[in-house]
Amino acid sequence: MADSPHHHTLNDGDRVAVIGGGPAGAFFAYFLLVMARGVGRSLAVDIYEPRDFAQLGARGCNGCAGIVSERLMQTFAEDGIELPPAVVQRTIDAYVLHMDVGSARITPPHQDTHIASVYRGAGPRELRGRAWVGLDAYVLDLAQRQGAQVVRERVNDVAWVAGRPAVGPSPDQLTRYDLVAVTSGVNSAILKQFAEAIPGYQPPRTTKTYIREYFLGSATVDATLGNAIQVFLLDIPGLEFGMLIPKGEYVTACLLGEDMEGDLMERCLAAPEVRRVVPMLSADRPSCQCAPRINVAAAEHPFGDRVVFIGDCAATRLYKDGIGSAYRTAKAAAATAVLHGVGADDFRRHYLPACTAIEQDNQVGRLIFALVSQMRRHRFARRTVLQSILDEQGRPGRLQPMSAVQWDMYTGSGSYRQIARRLLDPRLLWSLVRGGWGAAFGRWLHRRSATVFHVIGHLSK
Ligand SMILES: Cc1cc2nc3c(=O)[nH]c(=O)nc-3n(C[C@H](O)[C@H](O)[C@H](O)COP(=O)(O)OP(=O)(O)OC[C@H]3O[C@@H](n4cnc5c(N)ncnc54)[C@H](O)[C@@H]3O)c2cc1C
């Protein structure tokens, strides 16, 4: 295809730079090479990644809670990607929601649901035992198997040479490319340079998060958490929710929210709700910890001529399924580059809609989090929600609208739009009425009135 000032294509033998070998970069390189080969083109792809994912601790890890949603597991399977047992630390079979008013276990809505907990790197800094295969090493290997070359350098400089982007570790070591994919995540200084070089590009808004790893040993993890992710809705300003995730012999503690203060992790681990599950965590020394930033509002204009931003440095789902967003934006960007072109117009028309859809869904998500935060402030509302989940979970095989909302909220399975639709469903209102009745009159009376509700429920169908 011909190249004009307004339309650029990737031709046989062209060179592509990918800045960052996390999920967005590795999946982009993987799909780009597979799709290009499918249309008879051979590309040279360099992935710049300074981190060695075989190293323990922060040197080999892109800090993350490491939950791979059921939706993403299904998408992987459809694309022929199967996470090997060495990567999956635990297969999660339930979530347990904890509040000051009690706890409720939520099992998956479908029996064949699989959620995985993974490590992104080789394991915590003070790993006891053998290093693991992290998700990032596995995905980077997939890209390398398709022919991508990994360059163990950090990109510190960007320039334009004869109408092409050039990147490299220093100004005198720049290499010219036909396309540059920026997949550096949000914890990278390189975005500032791109913001100056690409008209309209504004990096995402970010906020600080907290992650810690604790060694408990398999027997204690089994006895305390089992294969269930523990979600904590605590009354702490700024904190949306905290999680404890079982991983092999370890537990990952993760806090998500905006404007969280410094000693928040200590306060959370000392909270009675957390101590009820794992009393020893607040006194234990973590094996590893970090405070990475997370994308809370999408980038503006994530593309330019021969440059595209993918994954966290473009758009990602709010507080969940970031790996899935990296995967989807990577695939959309690769399809655009191979099938349409690499000009700004091509990315605007064929790639931007994937990012916009994520951000529009997040707007609904923000409303839902505002609703949850209101619910957290009122004891009766908390008891009502908890009671309705307990009721639903006590009646397996029946419709469980409140459980489904909670499941989709924290597993990353459903979109925020789907959750909003569920919230507006009259059957959820009915579940809340039942829960409210139980919360107001106690479990004793509630159990006796269950038959009455059962009859009314049937009559109202
Ligand atoms: C606390 C927390 C918990 C999370 N939990 C989950 C979860 O449970 N499930 C989930 O799906 N998502 C989760 N996420 C989100 C998920 O981590 C991200 O969405 C995902 O990692 C984005 O992938 P990425 O490839 O865009 O960026 P990253 O994973 O950040 O990868 C970027 C890569 O680029 C490299 N890089 C950076 N700068 C340069 C440079 N100048 N030159 C070369 N290379 C560079 C980095 O070394 C890194 O390897 C969580 C995030 C946080 C902060």
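For ligands, and for the atoms within them, numbers begin at 1 and follow the listed sequence. Residue indices begin at 1 and follow the sequence shown.
- Within the 4.0 Å heavy-atom criterion, the part of C254 lying near ligand 1 is the side chain and not the backbone.
- Only the side chain of N62 comes within 4.0 Å of ligand 1, judged by heavy-atom distances.
- Ion pairing between a basic and an acidic side chain is recognised when a charged N comes within 4.0 Å of a carboxylate O; R105 and D93 show such pairing.
- Looking at R51 against ligand 1, only its side chain comes within 4.0 Å, counting heavy atoms.
- The residue from V155, I310, I47, V182 that puts a heavy atom closest to atom 41 (N) of ligand 1 is V155.
- Counting heavy-atom neighbours within 6.0 Å of E82 CD, excluding the residue itself, gives a total of 12 or less.
- Proximity annotation for atom 13 (C) of ligand 1: of C64, A65, A26, C64 comes nearest, heavy atoms only.
- Ring geometry, F369 versus F241: the interplanar angle falls under 30°, so the pair is classed parallel (tilted spans 30 to 60°).
- Contacts of K320 with ligand 1, taken as heavy-atom pairs under 4.0 Å, are absent altogether.
- Only the backbone of T183 comes within contact range of ligand 1, with a heavy atom under 4.0 Å; no side-chain atom does.
- Atom 8 (O) of ligand 1 has I67 N, 2.9 Å as its closest protein atom, hydrogens excluded (heavy atom only).
- The proximity of D312 to ligand 1, defined as any non-hydrogen pair under 4.0 Å, involves the side chain as well as the backbone.
- Ring planes of Y48 and Y177: perpendicular class, angle over 60° (limits at 30 and 60°).
- Only the side chain of F53 comes within contact range of ligand 1, with a heavy atom under 4.0 Å; no backbone atom does.
- With a 4.0 Å heavy-atom cut-off, ligand 1 is reached by the backbone of I323 and by its side chain too.
- With atom 37 (C) of ligand 1 as the reference point, the heavy atom nearest to it among A24, S184, C313, P169 is part of S184.
- Remark: aromatic rings of F309 and F194 are close, center separation under 6.0 Å.
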